[in-house]
Amino acid sequence: MAPKASKNRYPPSDPHGIFSGMVVFLCDDGVQRRRLQIWKQKLVQMGAIVEEEALSRNVTHVFAVNSDSLRRKLGPKLLQRFEATILLYQWLEDSLKLGEKVREESYTIQLGSPKNSSNEKSVEYADVKESSDNQLHLYKKLKPSPINSESSSPEMKDTSLRNSVDVVPHIAYSSNNSSYPRSPSSISPVTSDAQQSTVSAPDASLPYHPPDLNRNITEIFGKLINIYRALGDDRRSFSYYKAIPVIERLPFKIESVDQVKDLPAIGKSMQDHIHEIVTTGKLSKLEHFESDEKVRTISLFGEVWGIGPATALKLYERGHRNLDDLKSDDTLTNSQWLGLKYFEDIKTRIPRDEVQEMERLLQKAAEDVLPGVNVVCGGSFRRGKATCGDMDIVITHPDGESHIGFLPKYVNHLKDINFLREDLVFSIHSEQGTDLGVDTYFGLCTYPGRELRHRIDLKVYPKDIYPFGLIAWTGNDVLNRRLRILAESKGFRLDDTGLFPATHGSGGKRVSASTSLKFNSEKEVFDFLGFPWLEPHERNI
DNA sequence: TGATGCAGATA
DNA sequence: TATCTG
DNA sequence: ATCA
C-alpha cells in the first residue's frame, strides 16, 4: 500500500527542505542514540547533508548538547578553528517545531569560555551585555523519550486547559486532538490551580525536564491564552500558546528582555510583557482582565458546551451574569442547554479504569449490533493518561463496508442499555462504495449505574482511512500538528480523513474528491511520512 | 499586508 | 448566514 | 500577536 518511500530507510530528502544548504556534524556525546537518529533523519529529510567528520571543511553547522560534550568528543581538535556555527540541538527542535529555521543567535555555543562548564544549573545572568556568550547548556543527562520534552504527568485537561499539573506546572496546551486549547477556565480567580496536584514521583523514564525557571511568565501567558480565546481572539491566544513552550524550555531564568529578544514566537508584545513581569512580578494587562466582570463572565459562559465567544457575549449583553441566569434564557439551543444542565458533570474527569470499563462495554455492545466491528477508545485514554476529560471512540469494520449504517443502530442500542443519555450532534456521511464519509456522534453518556454525565464522541471510519482517524483522535494535538506540517513539507495534506497529494496552490482551496492514499495501520502512515514510530502512550508530546 | 486548519451541524 | 466544536 |  504505502508507496515506495516507506520502504526506503530514509524518506526522500527534500532539496527544498528548510535545512537545505546546511552541512552538519552531529556531536553525539551526551545524546541518546535513538534521538540522534531521529535528528539525523529529520535533517536529511529536510534537505541537510550530514557529515560524519567534524572537521570537514564543508561543515556549516555543528550540533551539540553543550560545549562540554563537544570538548569531550573532539578534545584537542577543538583548538582548531571552527568555521562552522556551533548550535544547541534545541535549535533543531525549535526549527522542526516551527517548520522553519529559527534564528540562530540564542542557540549558539561559544567555545573558549570554559567558565560555567560543569554545573547544570544555569549561571547567573547578571550582566546582560555579556550575555551573548553565555552558553545555555541544556539539561543534564537528557534521557529523552523519543520526541520531546515534557509529557508524563497524570493528565491535563484535554480539550480544555485546566492547568498546572504536577511536576511541570506549566499551563495549558494539552492534549487531545487537532486543536489547541479549547475552553477557558483558569480565569476564575479563586480556584483554578490547586486541584490534582498529584506529584507523580519522578519516574526514571521521564524525559528530561527542563528546569521550569520561568513559571512566573508562562503562568501568566497561560491565563492570557484562555482569556483571549474566550473573547474570540484566537490568533492572539494562539500566539501566547506558541510562546509558552519556547520560554518554558529555557535553561535559565529570564532576567532581562535581551535574553529573549531573538527567540522564535517572541515578538515585540511578548517582550514588553516579559519585561514587565521580570521587573514588577506581574502583568497589569492580566490583572485588568482578571478584575473585569465582563471578561470573567464571558469566560465562564464560554465554558458551557455549545457556547462560544459570540454567544457568551450576547448572553452577557442580555444581562446574564452567572450560570443560573442562563437557565432562564430561552434562546439557548438544545445542546447549549444540555451543556449548562450538565456543566459540572461534563467538567468532571473520568478515572482511567472507568473509561476502560466503558470501552469494554462499548466494544461488547458494538459486537451485538455488528459482529467483527472494531471499537477503540482514543484520546487521552489511549495515550495512557490517568484520567480523561471525555471519551473519543473510533470505530471501523475490517470488511470495509459494513460500517455503513452502523452508527444509528449502535446509538440506538446504546440508548436502549441506558449508556447514551443525551444527544448533542449526529451526522451521517458514509456512502456505499467509497472510502469517504465519516459518521460521527457527540453526546452524553453515563457510567453504568450512575447519573453523572460524560462527554462522548463516536466516530465511524471506513476501513481505508481508519488509521488517519485513529491518529487524529489519539493525538495529542502537538503530534497531530507536527505530522500535518511534516506531510505538508512533503507535498501532502494530512487530516483525520486521509493523506492527499497536495493540490498545490493552483486550484482553489477545496481539494474536492481526491481520494486519500491507502494505509492499513497507523505505523504505515508514520513510516510513509518518515516520522519515528510512537506508541500511543508516547504521544504526549 | 496577509496567513495563522478546517469541515460540517445547528438554528 | 453565523456560530461552534473537535 | 508573530512572522514573512
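Throughout, a chain's letter reflects where its sequence line sits, starting with A, and its residues are numbered from 1.
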Integer-rounded Å distance: dT5(C) C1' and Leu444(A) CG:
14 Å
Identify each atom pair where a protein N or O and an N or O of nucleotides 1-3 of chain B are less than 3.5 Å apart, giving names and distance.
none

Is Lys459(A) near enough to dG8(B) that one of its side-chain N or O atoms lies under 4.0 angstrom from OP1 or OP2?
no
For the P atoms, the ones on dC6(B) and on dT2(D), what distance do you get once it is rounded to whole angstrom?
22 Å
Spell out, as yes or no, whether a donor-acceptor pair under 3.5 Å connects the side chain of Asp439(A) to the backbone of Ile428(A).
no
Summary of salt bridge (charged side-chain N to carboxylate O under 4.0 Å, His left out) pairs that have at least one residue in residues 455-472 of chain A, sequence neighbours excluded:
Asp392(A)-Lys459(A), Arg455(A)-Asp457(A), Asp457(A)-Lys459(A)
dT5(C) and dT4(B), which share atom name P, separated by this distance in whole Å
22 Å
Once you round it to whole Å, what is the distance between P of dC6(B) and CZ of Arg493(A)?
9 Å
Does a nitrogen or oxygen in the side chain of Thr311(A) sit under 4.0 Å from OP1 or OP2 of dC4(C)?
yes
Between dG6(C), dC4(C), dA1(D), which nucleotide has the shortest distance from any of its atoms to the side chain of Lys285(A)?
dA1(D)
Let's see if you can work this out: which of dA11(B), dG5(B), dA1(D) has an atom nearest to the side-chain heavy atoms of Arg484(A)?
dG5(B)
Closest to side chain of Val425(A), choosing from dT10(B), dT2(D), dT5(C)
dT10(B)
Check whether Tyr316(A) forms a cation-pi arrangement with Arg321(A) (NZ or CZ under 6.0 Å from the six-membered ring centre, at most 45° off the ring normal).
yes
Where the side chain of Thr311(A) meets the backbone of Ile307(A), is there a donor-acceptor pair that is under 3.5 Å apart?
no
Counting the benzene-type ring for Trp, do Phe526(A) and Phe519(A) have ring centres under 6.0 Å apart?
no
Any side-chain N or O of Arg481(A) less than 4.0 Å from the OP1 or OP2 oxygen of dG5(B)?
no
In whole angstroms, the gap separating P of dT10(B) from CD1 of Ile307(A) amounts to 17 Å
Electrostatic pair Arg296(A):Asp292(A) at N-O distance under 4.0 angstrom
no
Got a salt bridge between Glu303(A) and Lys347(A), using NZ or NE/NH1/NH2 to carboxylate O under 4.0 Å?
yes
When rounded to whole Å, the CG to C1' distance for the pair Leu315(A) and dT3(C) reads 12 Å
Classify Asp457(A) by what it touches in the nucleic acid, base, sugar-phosphate, or nothing, heavy-atom distance under 4.0 Å.
sugar-phosphate
Among dA1(D), dT10(B), dA11(B), which is the nearest nucleotide to the side chain of Arg236(A)?
dA1(D)
Regarding Lys261(A), tell me which of base, sugar-phosphate or nothing describes its non-hydrogen contacts under 4.0 Å with the strands shown.
nothing
Atom-to-atom span, CH2 of Trp337(A) to P of dA11(B) - whole angstrom:
15 Å
Length of the line joining Asp392(A):CG and dT5(C):P, which is rounded to integer Å
15 Å
From CG of Leu458(A) over to C1' of dG6(C), roughly how many Å is that when rounded to an integer?
14 Å
When you get a sec, tell me which of dT3(C), dA1(D), dG6(C) is the closest nucleotide to the side chain of Ala310(A)?
dT3(C)
Between atom CD in Gln336(A) and atom P in dA9(B), what is the gap in whole Å?
18 Å
Salt bridge or not for Glu522(A) and Arg382(A), using N-O below 4.0 Å?
yes
Counting the atoms with a prime plus P, OP1 and OP2 as sugar-phosphate, which does Val304(A) contact under 4.0 Å by heavy atoms, base, sugar-phosphate, or nothing?
sugar-phosphate
